[in-house]
K.L.:
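What follows is a single structure, and I will ask about it in a moment.
On a predicted model such as this, the values are computed, not experimentally measured, just so you know. Chain naming here is simple, since letters A, B, ... match the order of the sequence lines and numbering starts at 1 in each.
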Amino acid sequence: MLKNYCSTKNQFKIITGGLEIMEYNFREIEKRWQEWWKANKVYKVSNDSPKPKYYVLDMFPYPSGAGLHVGHPLGYIASDIYARFKRLKGFNVLHPMGYDAFGLPAEQYAIEHGIHPAVSTEANIKNFRSQLDKIGFCYDWDREVNTSKPGYYKWTQWIFLQLFKSFYNRQTKKAEPINKLLAAFEKEGNASHPIPNTQYPIISFTAEEWKKFTEATQQDILMQYRLAYCGYGEVNWCEALGTVLANDEVVNGVSERGGHPVVKKKLRQWYLRITEYADRLLEGLEKVDFSESMKEMQTNWIGKSSGAEISFELRASSHENKSSQLIANSSRLIVYTTRPDTIFGVDFMVIAPEHELVKELITDEHKAEVEKYLEYVNSRSERERMAEKKITGVFTGSYAKNPFNGRAIPIWISEYVLAGYGTGAIMAVPCGDQRDFLFAKHFNIPITNIIGSHYNGEEANPTKDAILENSDFINGMLMKDAIEVVIKKIEEKGIGVRKVNYKMRDAAFSRQRYWGEPFPIVWKSGTPVPLDEKELPLQLPHMDELKPGPDGEGPLANLGEWVSPPAFGGSRREVNTMPGYAGSSWYFLRYMDPDNEKEFCSRKASDYWGQVDLYIGGTEHAVGHLLYSRMWTKFLFDIGLIGYDEPYKRLVNQGMIQGSSRFVYRIFFADTLSILKGEFNSNHNPLFVPVNVYQKLTEIGVSNTKERIEYLKKIAPNNSVIQAATSSLITAKLHVDVNIVDGVELNIEEFRKWRNGEYADAEFVLEDGKYICGVEIEKMSKSKFNTVNPDDLVYKYGADTFRMYEMFLGPVEMSKPWDTKGIEGVHRFLKKLWRLFYDELKGKVWNEEKATDAELKVLHKTIRKVEEDTERFSFNTGVSAFMICVNELTDLKCHKKEILEPLLILLAPYAPHIAEELYAELRKAPPKKGLGEVSILDAAFPKFEEKYVKETSKTYPVAINGKTRTELSIALDATQQQVEEIVLKDPTVIKWLEGKQPKKIIYVKNKMINVVV
RNA sequence: AAGCCUGUAGCCCAACGGAAGAGGCAAUAGUCUUAGAAACUAUUUAGUGUGAGUUCAAAUCUCACCGGGCUUACCA
């Protein structure tokens, strides 16, 4: 006996004898088809196909313990629809899914829950997978990747080694083997390959010098060139997480994950020399189809600027003749500026507190003051510096000499100049730069005006369009033009060079953590030696306890045996692990050839699948993941392992689904102090007022306690607690679980049970017997009790309804709030569709009659609309096109297979289960009997035919001077002249013309007619 | 503070130079039901945030302002 599957009660009629279910029983249908798809491996994709290829990729998830909420699958559904659509259109579609399982959050989660990351990750993946499966995605799970599996990270380690063994040849603008560099050094020193690290003590060397260097020095120099290198640097150190973080993992001076404080610290770290790729990462943006905002974010992150580095002589006094001795002959102050044209407006210099010349520049009389200032700066965390912007600084006592007019320029120290950017020193031009201006005003430094009336003395003006004044040899020149002139002059005089600068830093590539790829590196007397590639993967050893190692090292340092086995003779393994973005930088390639044990991905596979045609994911990866994976792709291209240097041809960012939070408003009759102290002991049950009462109370104002209480007494005459109230009143706004609110009406019974009965004794002030909650749109989050679980919705309405409703909410790229209420409408649509095939009482109603013109017109209108909308990612309007179609077919009482079958194929990408079911029924081949060849997945997408929708005439709106006055039915192929004749004969038009001659008659075919008088 | 996106019936959204409404939710009425729910049928609702401009014609293009979102925030 069949049970009632549907939550909406007695729905099913059972035809006795055939045991045929006449109502839309989505739960049974979806389960059956999902099993059938799985058993028949219908989503398995071959690398060998005569069809054209298409690659649709989702950003693979980090499997968090919290599970999915309705916001997560949005992008997956969109890509799934598109992948299915492309398959119907005859493409061999690669649409895989996997897990970004390594990384800090996984480890943090594991530690907090006392479970080993391998175990918790495994469990989270399992949960994740079961949630995904319910939605009916067409992933080829045989290609699943998991970044934490040795079979996968073997190749992450392998690519790292290739990076380690390569350098960026600036002449050929691509990565090349480090051996080539070595050969060049032996032949000609580093004349053709300047050291990328300009801070390095050795700048240039000849072949002879190179040969005389010790092995260690040679290795150290090579390290300055490697694309994956180890060096000391200022890193973002997060004490709470016990690790360094990449720049994009630090937000506002705290860690992106967890919000822990981050400080700058000098540590030995691995880096990726991504800065060498800065220009190509910028240029590549022109060849890809990303949104403008995405390109802009990446461009800003790379932060390319051009200008000059100018070197200034230093003096310990402002007087040219007297004590004009150079501070130290070799020391010069080098500043970076994008505006060399303002060189005569430089009124002071500012260097960062961390600048290496600070000690040299302090004169005796300023020593005490400077030291006090440095101490103050040190006491301030990164966070404080960012949060409160105070103008602070101190004069060093020293001066720089303007190379053009010899003017002595005082050198200051201030924290507004960052050590990490440019040279850590600036030339300050207060008339042109607002920060410099404020600094000058604050410390009473006289301001030189070089831009005449463009400067008003009130604020700086950063214009480039002023005519220069007080500027020696560039007087009278337009600023824009002077930039080039000054750079040339500087280079001529040998006091500076043209310079391009980037905000982007080399990417910190090591983490003092356990849950990541171990580095295939062994340290032998201070030199890192790569493991033989045959030894890969270097497996991550098991650890029971994940405590940080000594000296800020990661947990692996605690494993003595592993770090330095006896056979190593004192050498130690690298104990850092790679960051989360290592594995995700190349995963799109592994899907193409997931089981390859000899290569990360065969050239044959990567040539066949090529670039990802469509990549879908959130904006949050704009600068992290996307830049790193673009760099890795360029690198793999450079060394000839793949045939393209951009991974993603087209990128679509799905918008965020926001939560719609619900609030209840509690009131207390007590004073704030006693509540804060915890002394308050309610002598009555928790009391709640509805949203408009709360709003009214807010309107009255917190201070008007008397009025507020009087108001309450008036609206709740029967509430004894309120009537007895005398003391002060406090209101509290509390999030309430959206799942126990129907629209805005609180389900009081559920509320009393909520949170283990915390509000079991709650009392309410009701309006018409209802408690109305407040509503606010916020980020969807567990802590706000506004998350909605897809599992519940799939259970209640089915996967097809859920998929379509997610799409129906609005454009994929837009952020929008979730509102479960509307899902009923989509569900009704599917039921209505079902009724085109089956009648509740009569059973099968579809037939094989010949379709009428009107029916064919409805079908072909829909084909055109759905095809267009799907192609341009307008899924919301696509869903609505289906609704219109079904409404119209219902009105026409059309139950014809000739119409319904193509309609099902159109619908299959959106609602695959119901489409399969009905398609199988039309084909008389129920899947229960295992007739796999009738699957709708490989049906041919219906062909739109113009002839069915073609009209011969149209009723045109006729406007006089833009205002519609009448309508005229005119043949579609009418010429301008014919139209003019018809229009001018029309009585309404004649009336409105009032005898005047029309100036012009505008006739837009198939649109409208406008008569201009 | 800047850049990008966005603002259409009570709500979510269509229309993207050519008659503002396709669709859904909600609301109201009816059919069916012992009743409720569900289902079905029908009906109602805006002149496009504000102000200017371009055009024969503007929700659509331009500019300014106001509100919402996202991103980056001392980058010399």
K.L.:
Which atoms form the tightest heavy-atom contact between A/Leu907 and A/Phe882, and what is the distance?
P.N.:
CA-CZ, 3.6 Å
K.L.:
What about A/Phe439 and A/Phe348, are their ring centers closer than 6.0 Å?
P.N.:
yes
K.L.:
With rounding to the closest Å, how many angstrom separate the C1' atoms on B/G18 and B/C61?
P.N.:
14 Å
K.L.:
Counting only side-chain heavy atoms from C-beta out, which of B/A14, B/G69, B/G23 sits nearest to A/Pro811?
P.N.:
B/A14
K.L.:
Between atom CE in A/Met807 and atom C1' in B/C13, what is the gap in whole Å?
P.N.:
14 Å
K.L.:
Send over the distance from A/Ile483 CD1 to B/A76 C1', rounded to a whole Å.
P.N.:
13 Å
K.L.:
Whether the A/Glu415 and A/Tyr373 side chains hold a donor-acceptor pair (N or O, under 3.5 Å, no angle test) is what I'd like checked.
P.N.:
no
K.L.:
B/U41, B/A76, B/C13: which one has an atom nearest the side-chain heavy atoms of A/Lys832?
P.N.:
B/U41
K.L.:
Can you tell me if A/Tyr421 touches the phosphate of B/A76, counting only side-chain N or O atoms and a distance under 4.0 Å to OP1 or OP2?
P.N.:
yes
K.L.:
Please measure how far the P atom in B/G7 lies from the corresponding atom in B/U48, and state the result in whole Å.
P.N.:
14 Å
K.L.:
Tell me which nucleotide, if any, is Watson-Crick or G-U wobble paired with B/G7 when both distances must be under 3.5 Å.
P.N.:
B/C66
K.L.:
Could you give the distance separating B/U60 and B/A52 at their P atoms, to the nearest angstrom?
P.N.:
14 Å
K.L.:
Which one, B/U71, B/U72, B/C56, comes nearest to the side chain of A/Met297?
P.N.:
B/U71
K.L.:
With C1' as the reference atom in both, quote the distance from B/A57 to B/G47 in angstrom, rounded to an integer.
P.N.:
16 Å
K.L.:
Just compare B/A39, B/A73, B/A76 and give me whichever is closest to any side-chain atom of A/Arg828.
P.N.:
B/A39
K.L.:
How long is the line joining CZ of A/Phe829 and P of B/A38, in whole Å?
P.N.:
21 Å
K.L.:
In whole angstrom, give me the gap between the C1' atoms of B/A22 and B/C13.
P.N.:
10 Å
K.L.:
Considering only side-chain heavy atoms of A/Asn887, which listed nucleotide, B/A76, B/A15, B/G24, is closest?
P.N.:
B/G24
K.L.:
Roughly, in whole Å, what's the span from CD in A/Glu806 to P in B/C13?
P.N.:
14 Å
K.L.:
Think A/Ser291 has a side-chain N or O under 4.0 angstrom from the OP1 or OP2 of B/C5?
P.N.:
no
K.L.:
For nucleotides B/C12 and B/C4, find the distance between their C1' atoms and express it as a whole number of Å.
P.N.:
24 Å
K.L.:
For A/Gly303 and for A/Met814, find the nucleotide of RNA chain B with the closest heavy atom, then tell me which residue's nucleotide is more 5'.
P.N.:
A/Met814
K.L.:
Just by distance, with hydrogens left out, do A/Ser305 and A/Tyr421 show a side-chain donor and acceptor under 3.5 Å apart?
P.N.:
yes
K.L.:
Take the protein atom CD of A/Gln658 and the nucleotide atom P of B/C13, then report the distance between them rounded to whole Å.
P.N.:
9 Å
K.L.:
Which nucleotide sits closest to the side chain of A/Lys503: B/C74, B/U72, B/C4?
P.N.:
B/U72
K.L.:
Does B/A20 pair with anything, Watson-Crick or G-U wobble, both distances under 3.5 Å, and if so, with which nucleotide?
P.N.:
none
K.L.:
Given the P atoms of B/C66 and B/A73, what is the spacing between them in whole Å?
P.N.:
25 Å
K.L.:
Is there a Watson-Crick or G-U wobble partner for B/A37 with both distances under 3.5 Å, and if so, which one is it?
P.N.:
none
K.L.:
Side chains of A/Val70 and A/Phe802: closer than 4.5 Å at any heavy-atom pair?
P.N.:
yes
K.L.:
Without decimals, in angstroms, what is the distance between A/Lys1005 NZ and B/A19 C1'?
P.N.:
20 Å
K.L.:
Say we look at B/U43 and B/C25: how far apart would their P atoms be, to the nearest angstrom?
P.N.:
15 Å
K.L.:
Under a 3.5 Å cut-off for both distances, is B/A2 Watson-Crick or wobble paired, and to whom?
P.N.:
B/U71
K.L.:
Is there a Watson-Crick or G-U wobble partner for B/A59 with both distances under 3.5 Å, and which nucleotide is it?
P.N.:
none
K.L.:
Side-chain donor-acceptor pair under 3.5 Å between A/Tyr805 and A/Asp819, yes or no?
P.N.:
no
K.L.:
For A/Thr619, which contact category applies under a 4.0 Å heavy-atom criterion: base, sugar-phosphate, or nothing?
P.N.:
nothing
K.L.:
In the structure shown, which nucleotide is the Watson-Crick or G-U wobble counterpart of B/U48, with both distances under 3.5 Å?
P.N.:
none
K.L.:
Are a donor atom and an acceptor atom from the side chains of A/Thr877 and A/Asp869 found within less than 3.5 Å of each other?
P.N.:
yes
K.L.:
Rounded to the nearest Å, what distance is computed from the CD atom of residue A/Gln434 to the P atom of nucleotide B/C74?
P.N.:
16 Å
K.L.:
Between A/Asn300 and A/Lys503, do the side chains contain an N or O donor and an N or O acceptor separated by less than 3.5 Å?
P.N.:
no
K.L.:
Between atom NZ in A/Lys861 and atom P in B/G23, what is the gap in whole Å?
P.N.:
11 Å
K.L.:
For B/C75, does OP1 or OP2 lie under 4.0 Å from any side-chain N or O of A/Arg435?
P.N.:
yes
K.L.:
So, does A/Asn876 get its side chain near the phosphate of B/A14, meaning an N or O under 4.0 Å from OP1 or OP2?
P.N.:
yes
K.L.:
Is the count of non-hydrogen atoms from other residues, nucleotides or ligands lying under 6.0 Å from A/Lys464 atom NZ greater than 12?
P.N.:
no
K.L.:
Could you check if the base of B/G47 is syn or anti? Syn means the glycosidic torsion is within 90 degrees of 0.
P.N.:
syn
K.L.:
Which nucleotide in the list B/C4, B/A73, B/A57 gets nearest to the side chain of A/Glu296?
P.N.:
B/C4
K.L.:
So A/Leu809, base contact, sugar-phosphate only, or nothing? Heavy-atom distance under 4.0 Å.
P.N.:
sugar-phosphate
K.L.:
With both distances under 3.5 angstrom, what nucleotide forms a Watson-Crick or G-U wobble pair with B/A42?
P.N.:
B/U28
K.L.:
What's the closest nucleotide to the A/Lys821 side chain, out of B/A26, B/A39, B/C74?
P.N.:
B/A26
K.L.:
With the side chain of A/Met883 defined as its heavy atoms from C-beta on, choose the nearest nucleotide among B/G24, B/A39, B/C4.
P.N.:
B/G24
K.L.:
Between A/Val1004 and A/Ala881, who's closer to the 5' end of RNA chain B by nearest nucleotide?
P.N.:
A/Val1004
K.L.:
Using a distance-only criterion (donor-acceptor N/O pair, under 3.5 Å, no hydrogens), is the base of B/A22 paired with the side chain of A/Ser880?
P.N.:
yes
K.L.:
Between B/C56, B/C4, B/A19, which nucleotide has the shortest distance from any of its atoms to the side chain of A/Ser293?
P.N.:
B/C4
K.L.:
Does OP1 or OP2 of B/C40 have a side-chain N or O of A/Arg835 closer than 4.0 Å?
P.N.:
yes
